[in-house]
Structure formats: C-alpha cells, structure tokens
There are 4 protein chains.
Amino acid sequence: MTDTKAPDSSRRSDRSRHAIYEAALALVAEVGYARTTIEGIAARAGVGKQTIYRWWPSKAAVLLEAYLDLAGQAAGDETEIPDTGDLAADLKLVLRATVDEMNNPAYDGPTRALAAEGVVDPALGAQFVEKLLDPSLQLYARRLRAAEEAGGLRPGLDLRIALELFVGPLTHRWLLRTLPLTHDYADTLVDYALHGLATEPPRS
Amino acid sequence: MTDTKAPDSSRRSDRSRHAIYEAALALVAEVGYARTTIEGIAARAGVGKQTIYRWWPSKAAVLLEAYLDLAGQAAGDETEIPDTGDLAADLKLVLRATVDEMNNPAYDGPTRALAAEGVVDPALGAQFVEKLLDPSLQLYARRLRAAEEAGGLRPGLDLRIALELFVGPLTHRWLLRTLPLTHDYADTLVDYALHGLATEPPRS
Amino acid sequence: MTDTKAPDSSRRSDRSRHAIYEAALALVAEVGYARTTIEGIAARAGVGKQTIYRWWPSKAAVLLEAYLDLAGQAAGDETEIPDTGDLAADLKLVLRATVDEMNNPAYDGPTRALAAEGVVDPALGAQFVEKLLDPSLQLYARRLRAAEEAGGLRPGLDLRIALELFVGPLTHRWLLRTLPLTHDYADTLVDYALHGLATEPPRS
Amino acid sequence: MTDTKAPDSSRRSDRSRHAIYEAALALVAEVGYARTTIEGIAARAGVGKQTIYRWWPSKAAVLLEAYLDLAGQAAGDETEIPDTGDLAADLKLVLRATVDEMNNPAYDGPTRALAAEGVVDPALGAQFVEKLLDPSLQLYARRLRAAEEAGGLRPGLDLRIALELFVGPLTHRWLLRTLPLTHDYADTLVDYALHGLATEPPRS
DNA sequence: CCGTAACCGAGACGGTACGTCTGGTCTTTGA
DNA sequence: TCAAAGACCAGACGTACCGTCTCGGTTACGG
C-alpha cells in the first residue's frame, strides 16, 4: 500500500527526457562518470530531481538510455559484416574497427563506465549486454553462420563460443588494460582462432 | 618527490594494518563491497580514519591489499600447471578450476568488485592486473612455452596472445555475465583454441 | 545580495527549527557549551546536519536563537523598572535581581558562553548585544530619564554613560570573576555612582 | 607506571620554552587566536607536541605565558599612576592610556582572546585576572588610597569597588563592543564617578 | 469548459559518508 | 634520559549527494 504507483508514461515530458539525456552525456564528457551526479544532471537539465527518480532507477540507467538514444539517432550504423568470401579478411576488418572504437575516448569513456557498473550491478549488466553488446555479437554470429554454410568452418561448432574466441580477448585487453589494443593484435587473434595453436589437427 | 608529506613507513603499526585487513574483508563478506565504507572499516578495526587515509588512496586499494595479504598467508597456492604431456588435458584442468573459482561467491564477490573498480580507475586497474591477474597468467605462459619446446605448438606463436585465447573468453563471460560458466565451456574453449575454427589449415 | 544561494525561508520547517532549539538548550544544559557539537544537536533533534548549516552560521548562533526563543515564550518578562520616586532604591532592586541572575547557573551557563563567543566574534557579539543586552539596558535608560525629568539627576548627563556606571562594574565582576557578586555590592555600587567618590562637589 | 609523573622542571629546556613563546605569539599575530593550534605552535617552534602538553594545560595557557614573558622583557613598564594632586586629571590620563591600548589591535587581539577564554574557563580566568588584570588594578588602588589620605575622597569608601567604577564601564565597552571607546568617554567616566550622578548629596 | 489529477521545476528535508583537521596519547629514535 | 618527530585513536568539522517529501504551477483529460 506504500506506492504501487507506476507513473503514467503517456503524460511523460519528452522535453525533460531529452534535456536529461543531453545533460547526462555532457556531464559525463566533461567531468567523467564518477563525478556525474543525479543532482548535477537535474540541475543542468533544468529539471526536478524527482523527474529523474520517477523514470530511472539509477544514474547508470539514465546514462545507458542516453547513450542508446544517441546511438539511435545515428541509426542504421549497425551495418552487416561484409561477406567477401574471405572469412579471415572480413573478421579482421571488423575487429580492427572494434579496436579503433575501444581506443576512441569518446566511446571508451561512457562505455567503460557502464561496463564497470554492469560488472557489479547484475540488472544493469543485463541491460548493457542486451542493448549494447548483443547486437554487435549478432553480426559475428551471422557472418560465422554464413561461413559455416559455405563450408569454411569445421562442422558442428558452437558458433556462440566461436565468436567469443574473437571478442573475448579483445574485451579482456580493453577492460583490464593489460596490453595495448592494436590492429596487429586483432589480425593475430583472427589467425590464431581460425587455425588453432596446436601443431596437430583435431583428433575427431 | 611525489608528495609533500610521505609518512614514515618504518614506524607503521602492523597491528593496525592487520586489523584493517580483517575488518575490510569481514565487512565485504557481510554487507558487500558497495556498502562497505572506509568509516566502517575504521570503526570495525578500532582504528582512526586517518590511519587508513594515511596509507591507502582508496577503499579499493585497502581491499586489494587485504585480499593479497589473505592470499599470501595461504602461500604456495600458486602451484604450477601440471605437465602431463597432454596440453589440452592440462589446460582443461586449469580452466575448469578457474571456472569453479569464478562461480564461487567467496571469490567472486571481492574480486568482481575490484575488477570493476579497476576498469574505471587505471591506477587500481594496473595494481589489480599486476598483483592478481598476471601471476596466474604466468602459469599459462610457462605451460605453453613447455608445449612449444616439445613441438606441440605451431612455431613462431606469440604466446601472450595465445594464452589470451583461453582466458579472454572466460573473463568475458565472468565479468559480463553473458552466459553461464561451465566445465563444458572451458573444455570447448581449449579444443577450439588449440585446433582452430576453420576447415582449412593455415596458408603459411 | 549577501550570499550566492539564499535558502527559501518560506519553506522552512518549523518542526525542525524548534527541535533544534530544544536539542541545543538541552545539550548545553547537560554537557556544557564547549562539549556541545553541531553534530550532537542534529542527532538529538533528529535532523540532518545540513538543516543546521543551512540556516545558521555557527553553533553560537544556534544557541543564541534558541535562547531568545526560550525567552520569547516566557514573554512579557521584560517588566519595567519600578518608579517609586526613590531612584536609589529602585536601582538597587534591579541590580540585585541582575546579581541573582548572574549567580544562577541556569542563566549563567549559556549566557556566559555566548558572551565569550561574542567577545571574539564581532558579528555574534553584535547580535548578543542587540538581542540580549540592549533590551535590559533600555530599562535603565528609561528609569534614569524619568529621574532626570524629576530633577533627581544633575542636568546634562549623558544617560547612556550614566547607566554604564551601574552595569559596567557588574558585568566586569560577572565575566572576569574577580570578586563575588553580592547584593551588598550592588547596593554600594548604586550609592557610589549616584553620589560620587570625591569629597568636593563638581566645579561646574 | 602510566603517568603520575610530574615532569622534572629542573631539566626543562629553556630553548624549547622560548621557541614555543615566539611561535605562539607569531601565529596569533598572523592568523589569529582561533586558527592557532597547538600542533601549529609545535611545528613552528620545531618542537614535539608532547613538549607542549607536558608543560601547559591548554593553548590559552601557552599564550598567556608567552604574553607575560613578552611583557616581562619590556619590564618596568608598570609605571605608577602619577600623583599631581589633581585626582581627576591623573585618572583621566591613565584611563585614556587604557582606552588607547584597547583600541590598539596588537594588544587587543591576544588579550581579547585570552579574556574570552577566561570567561569560559575559570582556571584560566583566574590566571588572567591575577597575572594581567590585577597588577594594573593595583595602580588605581594605590592612587585612590593616596587620594583618600589626602582627603580627596569621601571617607570610608571601599576602594576596590571605587576603582571598579572606572574600569568596569571601560571593560564593558571593550569586551562587548557596545559603543566606541574614546578619550571623551574616559573623561566623562571620571567626572561622573567622582562627583556622582545625583543632584542631592548623600544623606549620611 | 471546468475541475481534478497527473507531471513538472524547485528545493528543503533526514541521512550517510566523505576527506580533513585537531586534540591528546603513545612509541620510536637520535643526541 | 629526554626531547624531536610523528603515528596513533578519536571524533567533530563542513560538504556533497543520496533518495524522499512537500510546494505551487501548468497541462491535459473526463465528467
């Protein structure tokens, strides 16, 4: 009997919502995620704090949505991985692009903050994966399926695991900053993953 | 020459330091990392807050050290990866153990929190990598070098990148919680990485 | 025009204000002024510290207001000095009452602390004088003016200075604790001040 | 074996004591009494904090002693009130000098702070009165006694109370800052106190 | 077309923790 | 053997945000 009141989203102010997106993105760009506060976003957006608390559960949720909104405007950017017939070349192309993105501060800043928050907050992590990560993983999945059908992959592979062989190491270097992310690294990754590390062919 | 006032570490109280370690670990275990506060650690350890601020730059730094101290006591746990001659089997053994660790809340809790903090704080991230991550990566490096010398690996491999083919995907699933971490997953990873995804052998 | 952010006093919580008054007075009575802290007042009043910092500049200011509020409730206590026609007797009556007040711990405690703070903090001192001291001085001023009109005082006297001849020595003994404050002292003061110390009458 | 050890004052370091005096006076002059700390005095004097705590009970006690030490060096300044035979003139001379002192920031600063502390701390107040106030009051006492013997004062006066008729009002204005302290004020005070306020002579 | 029920901007509120500062005590080290 | 140096426990300081709560005002239905 305490609240149970879901706000009426049909009466929601688009004006406020977009002002909040802009303020959130601007603040994260200016002072970083950690020093961005809900209070600061509200003030910058010229919005009452309650308007934020009414519609979002956390600062991270605000930023994730703001980020998705931004990405949505630059829509159609989810181009497909090209299929030139040369799987290795195609994958290298895309991994190199990913490396560039990870090295680009404009992308790295907010994404890294969201990822970190998601590491620790499962609900947000699920959102992060679903909304940001999965879409790009689907690209790999489709390209690999095409390769499989073309007979370029060993039969019976679990394609989900296969694609993690590419993006796993990349993400590892990105998040943990163990070593620099370069185009060479991306290329080597593709070669190693496609052709294996071992001398011997698989027994099966 | 970095700071104006460096405290004299020779006069540091071991008593306090260990009380702080214990309090920090206990609190993280009881209420979680996010709700653990420096104030709380100080109170629990029966220590002035300044004693913490004097020696550590952040809550995360305290916990990292506490965690390392704990690991150090259970020393010699850094056993070597066995070398039975069967590289795949040896790797699977260790990857499975790692999977178990990642699924163990007692390990997952603090480590995940530290990793998340390290994602966002480069200085801490470097510490995390150097003190916690690298040592275990060295195990893989040594086992792979042995395999290379035994002729089990394709010559000329960059072993650092090779080992990331195993731990990258594992870390990916662990941190981002995309899909469950199982022994089967570990096994498959080893097979895929050792023998490659592609039908064709490498051209070179 | 004084501050950058003046809080909106129309939205101020009377509930909180009075809880703060009560807590402040209670704490000063219980542990003394010096050991009363803003933190303690806030905790005792069930109020956030910011609510105190928002409305008062210092602990002393809180207590002064609390004290005035208390005095205001016991309103109308500012009775007039009686005018029986016998100036000396009337003054003695009031000075004796003042002596009693100064010897009363319940009054002495907070008032002394405020006075001491005012000695050192001019802004607070001005408040102290204006709100606490002046009103009672006005009583003397009126009684003396009546006496002047009745021809009981030498013509042309500066009445402000005249009244300080009574309250100055009293305050001196009170604040500096040089010698005990007694009714006899008050009586003597009145006699000396009214009739002078010298054998000779004034030349003028 | 805990404390109960009165320090052996014969082994006290004069060097340290004077360094502390100088540091205390310098700090009070530079940043004011309130912002002077024992820690600061120790650091400035190149002395351990314990050396201060060993010999003095409080910051105020240090400053009082430092101040007395300073005054002691400029010794012999305790000149007598002149006795020209004209009591009023002599008193005015001295009261005017006192007024000037009270208006002199170099004197006002530390003395006011000590007085304020003494208002609130009886032990210190007693010291303040005994060491700083009483000596100058003795001057008045002697001059008044001379006047009494010369027949210039009404017989049977309590000279202690008589002198408070002069210094009480002065101190009142000084500490409470009710109104400006001027030479005129001092003169008027002397006239009023010597010749009384009332028209009628005393009945006795 | 006029009430009334929401959302809205604003910001005061009770809280919690921050990181700093100082008070007084205790310990180590060099002269 | 003492004093310098300063680490230690303790806890208040004043600030920053949190998330909740009024408060008017301003839409935008729904009777």
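Just so you know, these numbers use all the heavy atoms, side chains as well, and skip hydrogens, waters and symmetry mates. Labels below follow one simple rule: chain letters A, B, ... track the order of the sequence lines, proteins then strands, and each chain is numbered from 1.
- B:K49 pairs by the side-chain hydrogen bond (donor to acceptor under 3.5 Å, both in side chains) definition with B:E39, not counting sequence neighbours.
- Within the structure, the ring-ring contact (aromatic ring centres under 6.0 Å, His included) test picks out the following pairs touching residues 8-27 of chain A (sequence neighbours left out): A:H18-A:Y21.
- Sorted pairs that involve residues 115-126 of chain C and meet salt bridge (charged side-chain N to carboxylate O under 4.0 Å, His left out), not counting sequence neighbours, are lacking altogether.
- Shown here are the salt bridge (Lys or Arg N to Asp or Glu O under 4.0 Å) partners of B:R112, two or more places apart in sequence or in another chain: B:D108.
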Which atom pairs, donor and acceptor, lie under 3.5 Å between side-chain atoms of residues 40-47 of chain C and protein residues at least two apart or in another chain?
from  : atom 1 : to    : atom 2 : distance (Å)
C:R44 : NH1    : C:E30 : OE1    : 3.1
C:R44 : NH1    : C:E30 : OE2    : 3.4
C:R44 : NH2    : C:E30 : OE2    : 2.8

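- In this structure B:S58 satisfies the side-chain hydrogen bond (donor to acceptor under 3.5 Å, both in side chains) test with no other residue, sequence neighbours excluded.
- Evaluation of the ring-ring contact (aromatic ring centres under 6.0 Å, His included) test over residues 33-59 of chain B, restricted to residues two or more places apart or in two chains, returns none.
- Sorted by residue number, the members of residues 15-41 of chain D with any non-hydrogen atom under 4.0 Å from DNA chain F read D:S16.
- Minimum heavy-atom separation, C:L124 to C:G118: CD2-N, 3.8 Å.
- The stretch residues 42-56 of chain C touches DNA chain E through C:G46, C:V47, C:G48, C:K49, C:T51, C:R54, C:W55, each having a heavy atom within less than 4.0 Å of the strand.
- The residue among C:P57 and B:D14 whose nearest nucleotide of DNA chain F is located toward the 5' end is B:D14.
- Sorted by first then second residue, the salt bridge (charged side-chain N to carboxylate O under 4.0 Å, His left out) pairs that include residues 50-69 of chain A, not counting sequence neighbours, number zero.
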Annotated protein contacts, base or backbone, on nucleotides 24-31 of chain F with a non-hydrogen cut-off under 4.0 Å, one of B, S, - each: ---BS---

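- For residues 15-28 of chain B, the salt bridge (charged side-chain N to carboxylate O under 4.0 Å, His left out) pairs, not counting sequence neighbours, are B:D14-B:R17.
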